Structures are given as C-alpha cells and as structure tokens.
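Have a look at the structure below, then the notes.
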Amino acid sequence: MAHSWKRSVYAAAMPLLFALSTLYSPLTHAAADPCKVNAKSAACKAEQAKAAKKAPAKTSAKAPAAKTAAKKAPAKTAAKNTSKHTAKAASARKTVATTRTVAGRKETVIRTAAGKPATVTTRTLTPVRTTATADAGQAVARLSTPSSQAAALRSSVAYVQDLATSTVLFSKNEDTVRPIASISKLMTALVVVDANQPMDEMLEVTDDDIDRLRHAASRLPVGTRLSRADMLHVALMSSENRAAHALGRYYPGGMPAFVRAMNEKARELGMLDTHFVEPTGLSSENVSSPRDLVRLLRAASQRPLIHRYTTDTEYDVEMRKGRTQTFHNTNALVRNADWDIKVSKTGYINEAGECLVMLARINGRDLAIVLLDSQGKYSRVADAVRIRKFVQNEVAML
C-alpha cells in the first residue's frame, strides 16, 4: 500500500517538473542576452556599449593592413619603372655614332649595337673657308666645290655668288680673264641708261654699224630707224649688234667717248680685270673675269629698264614700210616658269665660247651665275640647270 502511494505522487509530479524545466531554458538565455529580455534596460545598453568599442578596434586593425598593401603596390610599380629606365640607358650606351667623309662631305651615321641604323643620317658640306679678295680687300666666304660637280659642267669657267652675303657657292677657274662676247652689252646698257639721254630719240642704222670683222648677220637693215629705247631693247634681249653699235655712235662724243665711258664705269664698279674696246662684244679684246661680271650683274639689276629688257621673252618692233618684226630672247630660260630671273645676257664668239650670265632667285636667295666658254649650242643652259640643282640640293642644307 505504501509503495502504491509513492507511485501515485511521483506520477502526478512528473508533468509539473517537465514544464518547469522547459520554462527555465529561455530564462537562462535571456539572462545571457539582457537585450532579449528588455531592450531598454540598463544591462542591454551596457552590452551595446561594449560591442561598439570592439567594432572600431577590428576596423582599425584592418586599415593599417590596407595602407601597407597600398604602399607595397607603388613600390612594385617604381621597381618596374626603374628597370625600364635602366634598360633604356643600357640601350643608349650601346648606340654608336660613326663619321666618314664621302666626296667632300661629312656623313654621320648613328647605329645601334645590333648594327641597324637609328634615327636619321646627317650630311653636311665641307666647312666654309674664308679668304680675302685681292682686288677689294673684303673678306669673302666660299664653299669648296666638289671636283665631280665642276667636271660635270661643259663650261670651262663657272662662278656662283650669293649677292646678299657675298658667299661664293660654286667656283671653277674663277681667276681666269677671258673674252666675254655679247656679255659686253650689259656694260653698253649701263652707260646708255646712266647718261640719261632721251629714250624716245630716233636713231638710224648706218653702214658704220655693219660688222666687218666677223660678218655677223643682223635683222636691222641699213636705214632702219628705231627709238633709243627700242635699240636698247633688241640689243639686250636679242643681242642685236647693229643696235648696240648705233647706241655707241649716238653717245655724246661718238664711239671713242662711249668706249672710254665703258671702261670708266668698269673702274667705278671695281672691275679691275675688265677691259672694253667696243660696245657689241664682237671683239675678243673685250675681256673680264667671273668676279668682275658679278659686279656688273649687281649694277645692272639696279636699273629697272635693264631688268625688263633682258628678261622679256619677245618684243615686236615696227620696221620700215609698216612691217613688224618679232624679236626673241636669246636665253631660253626666261621662258621657263620654273626660273625667277632678274637679269640675263648671253654671248658667243669663237674665242669666248658659249657664255651666259644671270641674276636669278634660287631657294629665296639672289644668286649671280657666270658661265663662260661652254662648248655646245645648248651647253650653257644645261650647265645653268646643273648649277641650280646643285644649289637646291646641297647649298640649301647650310
């Protein structure tokens, strides 16, 4: 009976004990986290303050690590850049520059260690040497003319000078004094223009103007009457000998006074190697040197009428009985649009050979070109073309 009683009490208490154990577990967890029991309690606020203090500590711990990583990255980049600069410097040290002389020119070639050309080849002309002219006592810079260039010319005398700087750009037998043929007519024109005689005065061709030395042909028959301006025009442009001779006859004092004026003008211009005996150039005793002819070209270029008449391509002249004659320039280059010619004159007799003097603008420079004793009808023009090509390709590099 006694055991039966105990068993009954135990059976009745078991459900109650089970319920109490279930209730105890949440209460225990709530005690561990006071915010779950009461979010506004002091215990909850204290717990939140502790959590806030721990969070910045973790962040600050990570930040230095990030900074350290950031510092490491530039360090790697700097290391790479340094290696690149080192490589370039090493490559630069391997570059080799060699200099050699070819046909009177210095040629510099820059090569890498592998032997391949680097950048551009640089060429320079032979250094300019300065000398003093014996006649004027002035210092004149000159370039050494390559022998191959001089040999390529058909003219035995060639001379090119920059009028602005007086630099001699090309020379071949420049000290030679030779017959100059109809180049003499430039001096004839200087004397006529500077005498200030009336240009509209009519002059007549007479028997005295006939060439009895070489029997040269003329398109001006005896009896032709032209103005002084027209006589000068055809004498310069077409090299009409009778016109040039008539200009001398009509000078005050006649032919002797005219020839004397030609030689006086030459002395005045410093042309010490020059001498004239008549105004046409038919005489081989009319002589000059390349340097003197440059002075003549310079003076002629300062007279607008001479510039105009020597560079006209053609000119119509009214002859007797109402006929019109067309005269052409003896220098074919004045008809070439590629040339800018300020003064021009050709000449020929056996003793002088083919002659050509010009003042032309090449590469922005006014150049006096003198070509004497050229062999072959068109050789003087071909030499002028060669001279211009030389100046454009070589002298332009200075």
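Owing to the predicted nature of the structure, the values given are computational and were not obtained by experimental measurement.
- Between F327 and D312, every side-chain heavy-atom pair lies at or beyond the 4.5 Å cut-off.
- Side-chain contact between N286 and V277 is present, with heavy atoms from C-beta onward closer than 4.5 Å.
- Two residues are said to be in side-chain contact when any heavy atoms from C-beta on lie closer than 4.5 Å; M271 and M187 meet this criterion.
- D273 places no side-chain N or O within 3.5 Å of a backbone atom of S289 that could act as its donor or acceptor partner.
- Here the closest non-hydrogen pair linking L247 and L232 is CD1-CA, 3.8 Å.
- The side-chain heavy atoms of Y159 and V157, taken from C-beta on, include no pair separated by under 4.5 Å.
- Using a 4.0 Å cut-off between charged side-chain N and carboxylate O, D211 and R242 make no salt bridge.
- Side-chain contact check for K185 versus N241: some heavy-atom pair is nearer than 4.5 Å.
- The two residues R249 and M255 have their closest heavy-atom pair at N-CE, 3.8 Å.
- When the shell of 6.0 Å around CZ of R214 is examined, it contains more than 12 heavy atoms from other residues, nucleotides or ligands.
- Side chains of E278 and T280: a donor-acceptor N/O pair is present below 3.5 angstrom, by distance only.
- When every heavy atom of A158 is checked against every heavy atom of L153, the shortest pair comes out as CB-CD1, 3.5 Å.
- When only modelled atom types and interatomic distance are considered, T330 and S239 share no side-chain donor-acceptor pair under 3.5 Å.
- For E201, the CD atom counts as densely surrounded, since its 6.0 Å shell holds more than 12 non-hydrogen atoms of other residues, nucleotides or ligands.
- For Q325, the CD atom is densely surrounded, since the number of other residues' heavy atoms within 6.0 Å is greater than 12.
- Using a 30° and 60° split on the angle between ring planes, H233 and Y309 fall in the parallel class, below 30°.
- Nearest approach of H307 to K342, heavy atoms of both residues: ND1-O, 2.5 Å.
- A salt bridge links R291 with E174: the distance from a Lys NZ or Arg NE/NH1/NH2 to an Asp or Glu carboxylate oxygen falls below 4.0 Å.
- Between N331 and S344, the shortest heavy-atom distance links the atoms ND2-OG, 2.8 Å.
- Across L169, I362, L293, a single residue satisfies side chain to side chain contact (heavy atoms under 4.5 Å, CB included) together with I369, and that is I362.
- No donor-acceptor contact under 3.5 angstrom links the side chains of S184 and K345, judged on distance only.
- R380 and D383 are not joined by a salt bridge, as no carboxylate oxygen comes within less than 4.0 angstrom of a charged side-chain nitrogen.
- In this structure, CD1 in I183 is found 11.5 Å from OG1 in T188, a value given to the nearest 0.5 Å.
- Counting only heavy atoms from C-beta outward, the side chains of M231 and Y250 never approach each other to under 4.5 Å.
- Of all non-hydrogen atoms in A368 and L297, the two that sit nearest each other are CB-CD1, 4.0 Å.
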